[in-house]
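The structure appears right after this line, and notes come after that.
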Amino acid sequence: MLACLLIGILLAGCGSFWDVMPQGKEEDALSDAEEDLIVVGFSQLGSESVWRTANSESIQGTLTRENGFFLEFNNARQKQDNQIKAIRGFISQRVDYIVFSPVTEEGWETVLQEAKDAGIPVILVDRKASVDESLYTTWVGSDMRKEGENAGIWLEEYLRQTGRSDEEINIVVLQGTIGSSSQIGRTEGFDAIAGAHPNWHILQQEPADFTTAKGKEVMEQFLRKYPNIDVVVSQNDDMTFGVLQAMDEKGITTGVNGDVILISFDAVREALEMVAQGVINVDVECNPVQGEYIADILYRLENNEMVEKENCVKEQIFTPENVGEYLDTRTY
Ligand code: GZL
C-alpha cells in the first residue's frame, strides 16, 4: 500500500497528501498516533499581502502535530471558486473541522449547507460570510467597522490639533477587495465619521484589491484627476506602499511634514517603520495573529464547551508619537 501511495503522490505532482489517497482509504492514511489528531481543513483566501502571509504563518505555526492537529492547508489565490472546491474536498475527506477566511461575503450558502449536512463544524476566520448563523459555529477576526471609525476619529483629532477643523478637506480612498468584510467595514466606519463633517469631501473611493501594484495604479489615476488631495485613506499597508511609489514619482510628500495626510490599515512592521519616520500619519492595526484564537476554539469544541459566536482580536492604532514603544516587539 505504501508503494502505491508513493506512486500516487508522484503521479499527482504537488497534490496534497489527501488528493492522492485511494477513495475511502483516508482513514487508513493516519497512523495510530495520528488517529488522535484533530483534522482541520483550512481554506486561506490567498497570499495578496504581508498581512495575509502573517495570518497564514500564525495558523500554520499553531495548528501543528505537536499541538494535536493534522492541518490540510489550501491557498485559493483570491478565487471564491477555489475556496468552494477546497471546502468540498475537505467534506469528502471527512475532516473534523473546516476553517476558512471568505474572500468576499456573498455566495457561501450552498457549500456551507453541504458542510452542515455532512456534520462538519465550520469556523470563519478574519473575514465574514453573509449566511445564516446556523451555517457556521463561530467567527474569529477584527471589528473592521471599528477600524474605519478609528481612522475617522483620528483624522478629526489631527485636523483639530493642526487648526484645520473648518478647512475644506479633499479625501480619496483606496479600497480593498470589493465585497470583502475588510473593505465593507472600513468603508462604512470611515464614512460614518466623515458624514458628520460637511467640510470633508470624499472625492472618490476606488478598489485596489489590497495589493501594492493596484494601489500604485489607482493612486496614479487619482493624481491625474484631482490636483488638490488633502488626505489619502488606504485600506491596507500593501496598497499604501503603492500609494507612496506613485506620490514619490510626482514629488509629492506625505505624512507629518508632508503635502498629503496618509492613513493606512494593517500595521505591518514595514509600514510601522514609515509611521516612525513620519511618512505615514497613522496606521490602524488589524491583527493577523489569529492561530492561537482558532486553536483555543477547536480545543473547546473538542471538549464540548460553549464558544462565543463572535471573537474579536485585540487591536490599536499607531502614530509617530506611540509607535516607538512597540516596533521592536512586532512579529510581522
Ligand atoms: C483584514 C484582511 C485584509 C487585510 C489585507 O482582516 O482581511 O486582507 O487588511 C488582507 O492586508 O489582504
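In this structure, D230 pairs ionically with R164, as a charged nitrogen and a carboxylate oxygen lie closer than 4.0 Å. In summary, D296 and R300 engage in a salt bridge, as defined by a charged side-chain N under 4.0 Å from a carboxylate O. Ionic pairing of R160 and E156 is not present here: no N-O contact between side-chain nitrogen and carboxylate oxygen is shorter than 4.0 angstrom. The pair E105-K128 does not meet the salt-bridge criterion, since no charged nitrogen lies less than 4.0 angstrom from a carboxylate oxygen. The existence of a salt bridge linking R52 and D209 is excluded, since no basic side-chain nitrogen approaches an acidic carboxylate oxygen closer than 4.0 Å.
In this structure E302 satisfies the salt bridge (Lys or Arg N to Asp or Glu O under 4.0 Å) test with no other residue, sequence neighbours excluded. Residues passing the ring-ring contact (aromatic ring centres under 6.0 Å, His included) test with H197, sequence neighbours excluded: W200.
Shown here for I184 and G179, the closest heavy-atom pair between the two residues is CD1-O, 3.6 Å. Summarising the geometry of Q290 relative to N287, their closest heavy-atom pair is NE2-O, 3.2 Å, with the distance given to 0.1 Å. Nearest heavy-atom pair across Q175 and Q235 is CA-OE1, 3.3 Å. Heavy atoms only, all atoms of each residue included: T177 and S180 are closest at O-OG, 2.7 Å. For the residue pair Q83 and S101, the shortest heavy atom distance occurs at NE2-O, 2.9 Å. Between N228 and N170, the closest heavy-atom pair is O-ND2, 3.1 Å.
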Under the side-chain contact (heavy atoms from CB on, under 4.5 Å) criterion, do Y332 and V50 qualify, and how do the steps go? CA-CA 8 Å; Y332 58 93; V50 172; 5.6 Å; no

Would F222 and V232 satisfy side-chain contact (heavy atoms from CB on, under 4.5 Å), going step by step from the backbone distance to the final call? CA-CA 10 Å; F222 283 155; V232 173; over 6 Å; no

Would you please test I84 and W108 for side-chain contact (heavy atoms from CB on, under 4.5 Å) and show each step? CA-CA 8 Å; I84 291 172; W108 303 99; 3.8 Å; yes

Yes or no on side-chain contact (heavy atoms from CB on, under 4.5 Å) for F42 and E72, after CA distance, side-chain angles and deciding distance? CA-CA 6 Å; F42 185 91; E72 163 78 13; over 6 Å; no

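At a threshold of 4.5 Å between side-chain heavy atoms, the hydrophobic network of Ile, Leu, Val, Met, Phe, Trp and Tyr places L244 and I252 in one connected group. A single hydrophobic cluster is seen to contain both V268 and L262, as judged by linkage of ILVMFWY side chains at heavy-atom distances under 4.5 Å, directly or through other members. Under a hydrophobic clustering in which Ile, Leu, Val, Met, Phe, Trp and Tyr are joined whenever their side-chain heavy atoms come within less than 4.5 Å, directly or via other members, M247 and F265 fall into different clusters. Grouping the Ile, Leu, Val, Met, Phe, Trp and Tyr side chains by contacts below 4.5 angstrom, directly or via other members, places V256 apart from L155. Connection of I263 to L174 is not established within any shared hydrophobic cluster, with ILVMFWY side chains joined at heavy-atom distances below 4.5 Å, either directly or through further cluster members.
Applying the salt bridge (Lys or Arg N to Asp or Glu O under 4.0 Å) definition to pairs two or more places apart or across chains, those involving residues 110-122 are R88-E114.
Between the CD1 atom of I98 and the CG atom of L112 there is a distance of 8.0 Å, given to the nearest 0.5 Å. A distance of 8.0 Å separates CG of L272 from CD1 of I280, quoted to the nearest 0.5 Å. For the atom pair L159 CG and N199 CG, the distance stands at 8.0 Å (nearest 0.5 Å). Rounding to the nearest 0.5 Å gives a distance of 9.0 Å between CD of E220 and CD of Q245. Taken from CG in L203 to CD in Q205, the straight-line distance is 10.5 Å, to the nearest 0.5 Å. With rounding to the nearest 0.5 angstrom, the CZ atom of F190 is 11.0 Å from the CD1 atom of I153.
In E308, the CD atom is not crowded: 12 or fewer heavy atoms of neighbouring residues, nucleotides or ligands sit closer than 6.0 Å. More than 12 heavy atoms of other residues, nucleotides or ligands shown are found within 6.0 angstrom of CG on N303. More than 12 heavy atoms of other shown residues, nucleotides or ligands fall within 6.0 angstrom of atom CD in Q204. Around atom CD of E270, no more than 12 heavy atoms belonging to other residues, nucleotides or ligands sit under 6.0 Å away.
By the 4.5 Å heavy-atom criterion applied to side chains, S47 and N75 are counted as neighbours. In this structure the side chain of F73 reaches within 4.5 angstrom of the side chain of S56, judged on heavy atoms. The side-chain heavy atoms of T319 and N322, taken from C-beta on, include a pair separated by under 4.5 Å. For the pair S43 and F90, the minimum side-chain heavy-atom distance is below 4.5 Å. In this structure, V172 and Y226 have side chains that are in contact, with non-hydrogen atoms separated by less than 4.5 Å. In this structure, the side chains of V103 and K79 stay at 4.5 Å or more apart for every pair of heavy atoms. Side-chain contact between D191 and V173 is absent, with no heavy-atom pair separated by less than 4.5 Å. You'll find the side chain of N311 reaches within 4.5 Å of the side chain of I297, heavy atoms only.
Between the side chains of Q161 and E157, at least one donor N or O sits under 3.5 Å from an acceptor N or O. With hydrogens and angles left out, the side-chain atoms of D259 and T253 include a donor and acceptor closer than 3.5 Å.
Here the options are R330, K314, K146, the test is salt bridge (Lys or Arg N to Asp or Glu O under 4.0 Å), and the partner is E285; only R330 passes.
Distance alone, capped at 3.5 Å, places no donor-acceptor pair between the N281 side chain and the I261 backbone.
Ring centroid separation for the pair F69 and Y299 comes in under the 6.0 Å cut-off.
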